[in-house]
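This report refers to the structure that appears directly beneath it.
Only a predicted model underlies this, so the values are computations on that prediction, with no experimental measurement involved. Below, read A as the first sequence line, B as the second, and so on, with proteins coming before strands; counting in each chain starts at 1.
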Amino acid sequence: MAIENGITPNSSPTSVSSPTRITTIAEIGEHVDERITLRGWLYNLRASGKLLFPIFRDGSGTIQGVVPKAEVPERVFETLKSLTLESSLTVTGRVRADSRAPSGYELDVEDLTVIQRIPEETPYPIQLKEAGVDFLMEHRHLWIRTPRQSAILRVRATIMRAAAEFFDNRGYVRTDPPILTPNACEGTSELFEMEYFDEGKAYLTQSGQLYVEATAMALGRVYSFGPTFRAEKSKTRRHLTEFWMIEPEVTYMDLDGLMNLAECFLTHIVRRALELHAADLKIIGKDVTKLEAVIAGSAPNGCEDGREQRSGFPRLSYDQAHAMLIEAHQRGLLENAHRYGDDFGSPDETYLSSQFAKPVMVHRYPASVKAFYMQPDPLDPSKALCVDVLAPEGYGEIIGGSQRIDDFDLLRRRIEEHHLPLEAFEWYLDLRRYGSVPHSGFGMGIERCVAWICGLEHIRETIPFARTLHRIYP
RNA sequence: UCCUGAGUAGCUCAAUGGCAGAGCAUUCGGCUGUUAACCGAAGGGUUGUAGGUUCGAGUCCUACCUCAGGAGCCA
């Protein structure tokens, strides 16, 4: 770009002397003692008389520059000295290893070109000092430039890729369900509603599960990966109205196979996050020993076919979990005693997960508190063949799954018992009319997984632009 | 939907019912190893909105608005 925006014209970095290599801060360690060019922004600037310490960022990281007045052209020194924070620029200099620098490297600045200078009258609104949640969320489009938020979004990207590649590597076919749906999947949650031409109401999907059951019957092993929407007026650090979910569905898989699958799946994601993001997790402030404990004992390429239990996530039946909660209440660790037959509340889940270093799998809940399509346990038909996976450190349920009802008559009866419109489920019942087979699947909320792996206080930081009860801007 | 809490300078926060304050940011000056740099100076206010009590309200009362934390429900 040849934009100088009112400042003294600079020569372009490439015209100064020898051609330089354009690189990124993340890769700067490969260019020690070389002359390189970075393209980014001025993150911070400290001045000490005739010595400037600009900190540059380029999206991949930050690095401190050193600019002694006596050793650079006056134009470079004066331009940088009065440059406003977050102004965009390219900078050329020599990379030097320096033990005083947090990252281990510094840049001896030789030249720079300002791309856009932010005027003093309208300074960059986000300071390096702490700010309130409301202010930061109102400026989310700028907040994501900070090192910590950028690091979180990089880890999120890896988690999403690791989740998809886990299934891709095992022969699953990605089959994404529709986002616009004609009716409520499970008849429970509040849905976002809209007019759909002359066809009446349509709704934003709350889960693609029923549709992936259909694609599984076509393709065997499938998964979906996309956004889902809940219009529930939940107002907690664990809830978004729009979030991403990955949902595998597998024919001829029972609950035990599903639990193995979920365990291998989470192990893979945690392993990839640790492999690729040690630096980012450090910026975020996550204690990685807690993640290492999750995958301890697992084999890097284990869990083939979901038949082997490798890293040993603890498994509790609903009854066992209930007993633990009763005991915790008696010892004064829980305020309210869990009532047998009820679902677990948030404090209950937090307590259960806090008892283990690994995610805990709670299975076979009472059918009455679970969705209509879950297969009853043949050993106790009052229980459903389902599993919730609770993340460690109180991050709550990150996976919910079950074996699905494959018997036509039972499924139809359940639809009627839940007072769901039978005609809307005819296509779903067709899956049991025509070559029904046992099958299972689960769904994992990406954002809760990111919040857990990054150790975040609030789920709103796990997605570039969070949609919550009282926020839809920016 | 319910419970609790908070709205004062661009940002983070002070101010017993009695003159509207500080730090950061911005501007100017100083400083050659700073790590949210530091030191000095300047500018910057309809105290969320509307009423009420009072000689006097940022402070007390009422309603509303906005936001946050939690519950329920969920991933």
Next on the checklist: When the P atoms of B/rG72 and B/rU49 are compared, how many Å lie between them, rounded to an integer?
Outcome noted: 36 Å

Checklist entry - In whole angstrom, what separates A/Leu85's CG from B/rC11's P? => result 17 Å

Checklist entry - Are OP1 or OP2 of B/rG33 and a side-chain N or O of A/Arg96 less than 4.0 angstrom apart? => result no

Checklist entry - If we take the C1' atom in both B/rC2 and B/rC61, what is their distance in whole Å? => result 24 Å

Item to check | Distance, rounded to the nearest Å, where A/Glu232 contributes CD and B/rC74 contributes C1' | outcome: 6 Å

Item to check | Euclidean distance for P, B/rA22 against B/rG40 (whole angstrom) | outcome: 13 Å

Checklist entry - Are OP1 or OP2 of B/rA75 and a side-chain N or O of A/Arg448 less than 4.0 angstrom apart? => result no

Checklist entry - Has A/Phe243 got its ring stacked on the base of B/rA75, with centres under 5.5 Å and planes less than 30° apart? => result yes

Next on the checklist: Need the pair for B/rG40. Rule: Watson-Crick or G-U wobble, both distances under 3.5 Å, any strand; none if unpaired.
Outcome noted: B/rC28

Checklist entry - Which part of the nucleic acid, if any, lies within reach of A/Ile399 when heavy atoms closer than 4.0 Å are counted: base, sugar-phosphate only, or nothing? => result sugar-phosphate

Next on the checklist: Quick one: does any side-chain atom of A/Ser353 pair with a main-chain N or O of A/Thr350 as donor and acceptor, under 3.5 Å?
Outcome noted: yes

Item to check | Pairwise P distance, B/rA25 and B/rU12 [rounded to whole Å] | outcome: 15 Å

Next on the checklist: Whether A/Lys129 contacts B/rC11 is assessed here as follows: a side-chain N or O lying under 4.0 Å from the phosphate OP1 or OP2. Is that the case?
Outcome noted: no

Checklist entry - Roughly how far apart, to the nearest Å, are B/rG44 and B/rA20 at atom P? => result 15 Å

Next on the checklist: Classify A/Asp343 by what it touches in the nucleic acid, base, sugar-phosphate, or nothing, heavy-atom distance under 4.0 Å.
Outcome noted: sugar-phosphate

Checklist entry - For the residue pair A/Tyr340 and A/His322, does the interplanar ring angle fall in the parallel (under 30°), tilted (30 to 60°) or perpendicular (over 60°) class? => result perpendicular

Next on the checklist: Using a 4.0 Å heavy-atom cut-off, does A/Thr228 contact any base of the nucleic acid, only the sugar-phosphate backbone, or nothing at all?
Outcome noted: nothing

Item to check | Sidechain-backbone polar pair: A/Gln320 side chain, A/Ser317 backbone, donor-acceptor under 3.5 Å | outcome: yes

Next on the checklist: Quick check on B/rC11: is either OP1 or OP2 less than 4.0 Å from any side-chain nitrogen or oxygen of A/His139?
Outcome noted: no

Next on the checklist: What's the gap between B/rG7 and B/rG17 when it is taken at their P atoms, as a whole Å value?
Outcome noted: 15 Å

Checklist entry - Using a cut-off of 4.0 Å on non-hydrogen atoms, how would the nucleic acid contact of A/Arg238 be classed: base, sugar-phosphate, or nothing? => result base

Next on the checklist: Side chains of A/Thr468 and A/His239 only: does a donor on one sit below 3.5 Å from an acceptor on the other?
Outcome noted: no

Item to check | Whole-Å C1' distance, B/rU47 and B/rA42 | outcome: 24 Å

Checklist entry - How would you label the contact of A/Gln64 with the nucleic acid (heavy atoms, under 4.0 Å): base, sugar-phosphate, or nothing? => result base

Next on the checklist: Less than 4.0 angstrom between a side-chain N/O of A/Ser48 and OP1 or OP2 of B/rU32, yes or no?
Outcome noted: no

Next on the checklist: Under 3.5 Å for both donor-acceptor distances, Watson-Crick or wobble: does B/rG7 have a partner, and if so which one?
Outcome noted: B/rC65

Checklist entry - Taking the six-membered ring for Trp, are A/Phe442 and A/Phe167 parallel (under 30°), tilted (30 to 60°) or perpendicular (over 60°)? => result tilted

Checklist entry - Would you call the rings of A/Phe166 and A/Phe265 parallel, tilted or perpendicular, where under 30° means parallel and over 60° means perpendicular? => result perpendicular

Item to check | Touch class at under 4.0 angstrom, heavy-atom based, for A/Lys235 against every strand present | outcome: base

Checklist outcome for this item: Per nearest nucleotide of RNA chain B, the residue lying toward the 5' end, A/Gly445 or A/Glu106, is A/Glu106

Item to check | B/rA50 and B/rA41, which share atom name C1', separated by this distance in whole Å | outcome: 41 Å

Checklist entry - Closer than 4.0 Å, any side-chain N/O of A/Arg230 to the OP1 or OP2 of B/rG72? => result no

Checklist entry - Does A/Ala47 or A/Pro125 map to a spot on RNA chain B nearer the 5' end, using the closest nucleotide for each? => result A/Pro125

